[in-house]
Amino acid sequence: MKDIDVIAVLQDPVRRHLYEYVAAQGREVGRNEAAEAAGVARTLAAHHLDRLTEAGLLESGSRRLTGRSGPGAGRPAKVYTRAQVERSVSLPARDYRTAAELLAEVAEQAGLDAGLCAAARRRGEALRGSGAPCGGLEEAMEVLAARGYEPHLEGGLGGSGGPGGPGGSGVAEGAAGAVGASGPGREAAATAQEGVPVVRMRNCPFHAVAERFPPLVCGMNLALLEGLLGVDGPVRARMDARPGECCVVVEASKSNAD
């Protein structure tokens, strides 16, 4: 199917609600759970979920939702997760990805990381405008959601809400190369204490370019969020790459955590 036909599948409001629910969970979702979330019958939810799978927007599998195995454990149930393939439509046709990749290649070869990060921080500050730094994690999540990061709150780095968005070990490993960049909030090697709330992001808006140039783009992303959220307020952004998610996390700044 062409991208425009795939996106058209989401025109049905129930189907779009089911897709958005599955995408937001970052894990496998069964038919009963999806039906309850959408407020529709299980059979109708199953129809729409399978249609989304046929269109390539979801991926399906099967597992026992009871957590048991062996005789009496019940039959495996069908489960769904968001597909990793990216879909986009531009009328007329545009190719910003190729331009971004060419610019990133030149910047990386010329060693322009510091200049790119400085420009990204200025852009983040411009997007924030004259407002004060972000006032807390709840406000930070609203700001991040508006920019497509799909934030979710975890009780700690080892908490619930595992990887579910675009990404992979290549981005996670490559992002470590951006750790050495200087600038506010770059204590990337620091480890959050268990139970401390951390905002992680299931989606990286720069995923396609970050896959090819992880240190460059992840460093740029961190600098952008530093400018957007502020570096001298109640929250801070720092690097903490994890496969399947954005390379940056947001947490309470040390000065406000005591």
Side-chain angles (χ1 to χ4, degrees), residues 1-63 65 75-105 144-152 161-172 174 200-214 217 221 242-247:
M1 296 177 69
K2 294 182 179 180
D3 282 5
I4 192 170
D5 297 320
V6 172
I7 293 173
V9 170
L10 295 171
Q11 183 176 3
D12 183 285
V14 174
R15 193 175 296 160
R16 184 166 63 252
H17 187 177
L18 287 165
Y19 171 78
E20 290 172 346
Y21 178 80
V22 173
Q25 303 316 301
R27 57 174 172 77
E28 294 175 329
V29 174
R31 288 173 167 175
N32 287 340
E33 178 186 347
E36 183 177 351
V40 298
R42 183 182 184 279
T43 52
L44 180 59
H47 165 74
H48 284 305
L49 290 167
D50 287 341
R51 183 72 184 93
L52 289 165
T53 302
E54 292 170 5
L57 290 166
L58 296 182
E59 295 176 353
S60 64
S62 61
R63 68 176 178 87
L65 299 178
R75 296 176 58 186
K78 200 165 187 178
V79 292
Y80 303 84
T81 56
R82 177 170 58 181
Q84 299 304 307
V85 64
E86 186 175 314
R87 304 287 186 177
S88 63
V89 173
S90 175
L91 300 172
R94 296 288 187 261
D95 190 5
Y96 300 114
R97 176 174 173 174
T98 296
E101 290 178 347
L102 289 171
L103 291 169
E105 182 177 353
L144 294 167
R147 301 204 64 81
Y149 282 93
E150 299 182 9
H152 63 102
S169 59
V171 174
R200 288 191 174 274
M201 294 161 263
R202 291 195 175 97
N203 184 50
C204 171
F206 315 111
H207 172 67
V209 187
E211 275 197 316
R212 290 195 57 189
F213 309 96
V217 177
N221 186 29
R242 186 166 77 178
E245 295 194 334
C246 177
C247 56

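- Counting heavy atoms from C-beta outward, Leu49 and Val22 have side chains that approach closer than 4.5 Å.
- When side chains are defined from C-beta on, Asp95 counts as touching Arg97, because their heavy atoms get closer than 4.5 Å.
- For the atom pair CD of Glu28 and OG of Ser60, the computed distance is 10.0 Å after rounding to the nearest 0.5 Å.
- Two residues are said to be in side-chain contact when any heavy atoms from C-beta on lie closer than 4.5 Å; Asn221 and Tyr149 meet this criterion.
- Contact annotation: the side chain of Asp12 never approaches that of Arg51 to less than 4.5 Å [non-hydrogen atoms, C-beta and beyond].
- Contact check for His47 versus Arg15: side-chain heavy atoms found under the 4.5 Å cut-off.
- With rounding to the nearest 0.5 angstrom, the CD atom of Glu211 is 9.5 Å from the SG atom of Cys204.
- Contact record, Tyr21 with Glu33: OH-OE2, 2.5 Å, taken as the closest heavy-atom pair.
- Summarising the geometry, atom CD belonging to Gln25 is positioned 11.0 Å from atom NE2 belonging to His152; distances are rounded to the nearest 0.5 Å.
- One finds the CG atom of Leu58 at 8.5 Å from the CG atom of Leu18 (value rounded to the nearest 0.5 Å).
- Within a 6.0 Å sphere centred on CD1 of Ile4, other residues, nucleotides and ligands contribute 12 heavy atoms or fewer.
- Across every non-hydrogen atom of Arg31 and Ala45, the tightest pair is O-CB, 4.4 Å.
- Here the shortest heavy-atom pairing between Ala83 and Gly56 reads CB-O, 3.1 Å.
- For Glu54, the CD atom counts as densely surrounded, since its 6.0 Å shell holds more than 12 non-hydrogen atoms of other residues, nucleotides or ligands.
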Might you work through the side-chain contact (heavy atoms from CB on, under 4.5 Å) test for Met201 and Glu245, ending with a clear yes or no?
-> CA-CA 6 Å; Met201 294 161 263; Glu245 295 194 334; over 6 Å; no
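- Arg87 contributes no side-chain N or O that, together with a main-chain N or O of Asp3, makes up a donor-acceptor pair within less than 3.5 Å.
- The two residues Ala100 and Val209 come nearest to each other via the heavy atoms CB-CG2, 3.9 Å.
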Trace of the side-chain contact (heavy atoms from CB on, under 4.5 Å) decision for Leu52 with Leu10 = CA-CA 8 Å; Leu52 289 165; Leu10 295 171; 3.7 Å; yes
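- Of all the heavy atoms in Glu101 and Ala208, the pair that sits closest is OE2-O, 4.1 Å.
- Of all non-hydrogen atoms in Cys246 and Asn203, the two that sit nearest each other are CB-O, 3.9 Å.
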Let me see the working for Met1 and Val9 under side-chain contact (heavy atoms from CB on, under 4.5 Å), right down to the final yes or no.
-> CA-CA 11 Å; Met1 296 177 69; Val9 170; 4.1 Å; yes
